[in-house]
Asks: 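Once you've had a glance at the structure underneath, I'll fire off some questions.
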There are 2 protein chains.
Amino acid sequence: MAADSPHPRPDRLRALPSRLLGLASMRADRLIGDGLAAVGARKWHYAVLATLQEYGPASQSELSRRSGIYRSDMVAVLNLLADEGHVERTPDPADRRRNVITITESGRRRLAHLDALLADLQKQLLAPLDEHERGELVRLLRKLTGREDEEM
Amino acid sequence: MAADSPHPRPDRLRALPSRLLGLASMRADRLIGDGLAAVGARKWHYAVLATLQEYGPASQSELSRRSGIYRSDMVAVLNLLADEGHVERTPDPADRRRNVITITESGRRRLAHLDALLADLQKQLLAPLDEHERGELVRLLRKLTGREDEEM
DNA sequence: GACTAACGTTCGTCGCACTAACGAAGCTAT
DNA sequence: ATAGCTTCGTTAGTGCGACGAACGTTAGTC
């Protein structure tokens, strides 16, 4: 191999916040993605189920706004969840443009399962940090993304 | 705006570290991506130029390892940088499989320019955080991604 | 001299964020 | 009432970043 030049200065790349964020996010994505894939789920499935359970039944576009998924992509997610029997999609009698999405009993069980799995994966993800640091990281990220308003 | 439904329970989604990381990273990506695009650059160009300047000339695969870009994708990046005259790609006489990539004077100027731009963008990115918090965030991210070894 | 491995390169895949457009349905105003 | 705007679900498609497969070329190894 070529002479590894002595790198006296730790490069700026390693300290670049945007880069660190990207790196951390990539790891997280992979960890969570793989973990969920192992049980045949994707993060959107979890997001939708959780949103449904917490906010109650909603139309697809409301789900989109609440969960952050584009309504274009919501279709496929709901198709899958409906096929698996985790949600029900019924036309809204009050507004015939809308579908009302409801979580089923099976969906609740699925969500509970995924919740446990997710909790474990988050632990793995944050393993290098101690308890206080984990809290700090979450706080900082919330502040950074403008989500620090609602208390946890 | 739509009636914000009373959400009595702060949902788990908002506090999920992996999700916050993804959100923050997306914002960062966009901010930096747009900022760099405004001057016709991409983050990989910066990464490669910075790596070259800090570690000196190297083969493409070494650049890949050092900067984190896949060697498949390195080709296009170097094509562009070479076309713009920011790097030189010459065959390595010592190993004819390799190319030696060298940063040019023009590349150095470009890098300096991008450095200034990047510094500004990072400031924008971290605007919601105070000085101490920025340091903490970087520290936590480095620890999280296993890059806390080399001091900054 | 045959095997193996690394290098640069091309091509293709996968997932994600996002846009455009469209028919169906609701809302509003004149 | 009807014309015009908006919203909803849906389809299709774009762009990009991360990643894998394979190939010809070249080095090193037995």
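Per chain, numbering begins at 1; letters A, B, ... match sequence-line order.
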Asks: Tell me, with the steps shown, if L63(B) and I69(B) meet side chain to side chain contact (heavy atoms under 4.5 Å, CB included).
Replies: CA-CA 8 Å; L63(B) 277 178; I69(B) 316 176; over 6 Å; no

Asks: More than 12 non-hydrogen atoms from neighbouring residues, nucleotides or ligands closer than 6.0 Å to CD on E136(B), yes or no?
Replies: yes

Asks: Which part of the nucleic acid, if any, lies within contact of R71(B), taking any heavy atom under 4.0 Å across all strands shown: a base, the sugar-phosphate backbone alone, or nothing?
Replies: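 The residue R71(B) makes base contact.
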
Asks: Looking only at heavy atoms, what is the nearest atom pair of P93(A) and R96(A), with distance?
Replies: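 Between these two residues, the closest heavy atoms are O-CG, 4.3 Å.
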
Asks: Which pairs pass side chain to side chain donor-acceptor pair (under 3.5 Å) with one or both residues in residues 70-83 of chain A, sequence neighbours excluded?
Replies: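 Found N79(A)-R89(A).
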
Asks: Let's see if you can work this out: which of dC7(C), dA25(C), dT9(C) has an atom nearest to the side-chain heavy atoms of S61(B)?
Replies: dC7(C)

Asks: Quick one: D95(A) CG to dG26(C) P, roughly how many Å, whole number?
Replies: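 Computing the D95(A):CG to dG26(C):P distance gives 6 Å.
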
Asks: Could you run down the sub-3.5 Å N/O contacts of the protein with nucleotides 2-4 of chain C?
Replies:
none

Asks: Which residues, if any, of residues 74-89 of chain A bring a heavy atom under 4.0 Å of DNA chain D?
Replies: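 Hits under 4.0 Å, by residue number: V75(A), R89(A).
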
Asks: Could you state the CZ-P distance from R97(B) to dC7(C), rounded to the nearest angstrom?
Replies: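 My rounded result for the distance is 6 Å.
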
Asks: Which heavy atom of L137(B) sits nearest to which heavy atom of L129(B), and what is that distance?
Replies: CD2-CD1, 3.8 Å

Asks: Taking heavy atoms of chain B and a 4.0 Å limit, find me the 5'-most and 3'-most nucleotide of DNA chain D within that range.
Replies: dC16(D) to dA27(D)

Asks: Reckon R65(B) has a side-chain N or O less than 4.0 Å from the OP1 or OP2 of dA6(C)?
Replies: no

Asks: Would you please name every residue forming a side-chain contact (heavy atoms from CB on, under 4.5 Å) with L80(A), sequence neighbours left out?
Replies: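 Only H45(A), E84(A) meet the side-chain contact (heavy atoms from CB on, under 4.5 Å) criterion with L80(A).
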
Asks: Looking at every heavy atom in both V100(A) and P57(A), which two are closest together, and how far apart are they?
Replies: CG1-CB, 4.0 Å

Asks: Show your reasoning for whether side chain to side chain contact (heavy atoms under 4.5 Å, CB included) applies to V77(B) and R42(B).
Replies: CA-CA 9 Å; V77(B) 175; R42(B) 313 203 176 211; over 6 Å; no

Asks: Mind checking what makes side chain to side chain donor-acceptor pair (under 3.5 Å) contact with E133(B), not counting sequence neighbours?
Replies: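 Partners of E133(B) under the side chain to side chain donor-acceptor pair (under 3.5 Å) test: R139(A), K143(A).
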
Asks: Please check this pair: side chain of T104(A) against backbone of H86(A), looking for a donor-acceptor N/O pair closer than 3.5 Å.
Replies: yes

Asks: If you assign Q60(B) and D92(A) each to the DNA chain C nucleotide with the nearest heavy atom, which residue ends up on the more 5' nucleotide?
Replies: Q60(B)

Asks: Can you list the residues that meet the side chain to side chain donor-acceptor pair (under 3.5 Å) rule with D29(A), with sequence neighbours excluded?
Replies: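 For D29(A), no residue satisfies side chain to side chain donor-acceptor pair (under 3.5 Å) once neighbours in sequence are set aside.
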
Asks: Mind checking salt bridge (Lys or Arg N to Asp or Glu O under 4.0 Å) for E131(B) and listing every partner two or more places apart, or none if nothing turns up?
Replies: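 For E131(B) there are no salt bridge (Lys or Arg N to Asp or Glu O under 4.0 Å) partners, ignoring immediate neighbours.
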
Asks: If every non-hydrogen atom of Q124(A) is compared with every non-hydrogen atom of P128(A), which pair is closest and at what distance?
Replies: O-CD, 4.4 Å

Asks: Write down the distance between CD1 (I69(A)) and P (dC16(C)), rounded to a whole number of angstrom.
Replies: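 Rounding to the nearest Å, CD1 of I69(A) and P of dC16(C) are 10 Å apart.
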
Asks: Does the pair L52(B) and T102(B) meet the rule for a side chain to side chain contact (heavy atoms under 4.5 Å, CB included), with working shown?
Replies: CA-CA 7 Å; L52(B) 276 174; T102(B) 320; over 6 Å; no

Asks: Does the side chain of R96(A) get closer than 4.0 angstrom to OP1 or OP2 of dA24(C) through an N or O atom?
Replies: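 No.
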
Asks: Measure the angle between the two terminal helix axes of the helix from dG1(C)-dC30(D) to dT30(C)-dA1(D), five base pairs each, and quote it to 10°.
Replies: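 For the helix from dG1(C)-dC30(D) to dT30(C)-dA1(D), the axes at either end differ by 10°.
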
Asks: Give me the distances for all protein-to-nucleotides 17-19 of chain C N/O pairs that come in under 3.5 Å?
Replies:
{"from": "dC18(C)", "atom 1": "OP1", "to": "R30(B)", "atom 2": "NH1", "distance (Å)": "2.2"}
{"from": "dC18(C)", "atom 1": "OP1", "to": "R30(B)", "atom 2": "NH2", "distance (Å)": "2.5"}
{"from": "dC18(C)", "atom 1": "OP2", "to": "Y70(A)", "atom 2": "OH", "distance (Å)": "3.4"}
{"from": "dC18(C)", "atom 1": "O5'", "to": "Y70(A)", "atom 2": "OH", "distance (Å)": "3.1"}
{"from": "dC18(C)", "atom 1": "N4", "to": "D73(A)", "atom 2": "OD1", "distance (Å)": "3.1"}
{"from": "dT19(C)", "atom 1": "O4", "to": "S72(A)", "atom 2": "OG", "distance (Å)": "2.9"}

Asks: Identify, between V100(A) and P93(B), the residue whose nearest nucleotide on DNA chain D lies closer to the 5' end.
Replies: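 Checking each residue's closest nucleotide, the 5'-ward one belongs to V100(A).
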
Asks: According to salt bridge (Lys or Arg N to Asp or Glu O under 4.0 Å), does anything in residues 113-129 of chain B pair up with another residue at least two apart or in another chain? List the pairs.
Replies: R12(A)-D115(B)

Asks: Below 3.5 Å, can you tabulate the donor-acceptor pairs from side chains in residues 18-25 of chain A to any protein atom, sequence neighbours excluded?
Replies:
{"from": "S18(A)", "atom 1": "OG", "to": "Q122(B)", "atom 2": "NE2", "distance (Å)": "2.8"}
{"from": "R19(A)", "atom 1": "NH2", "to": "S67(B)", "atom 2": "O", "distance (Å)": "2.6"}

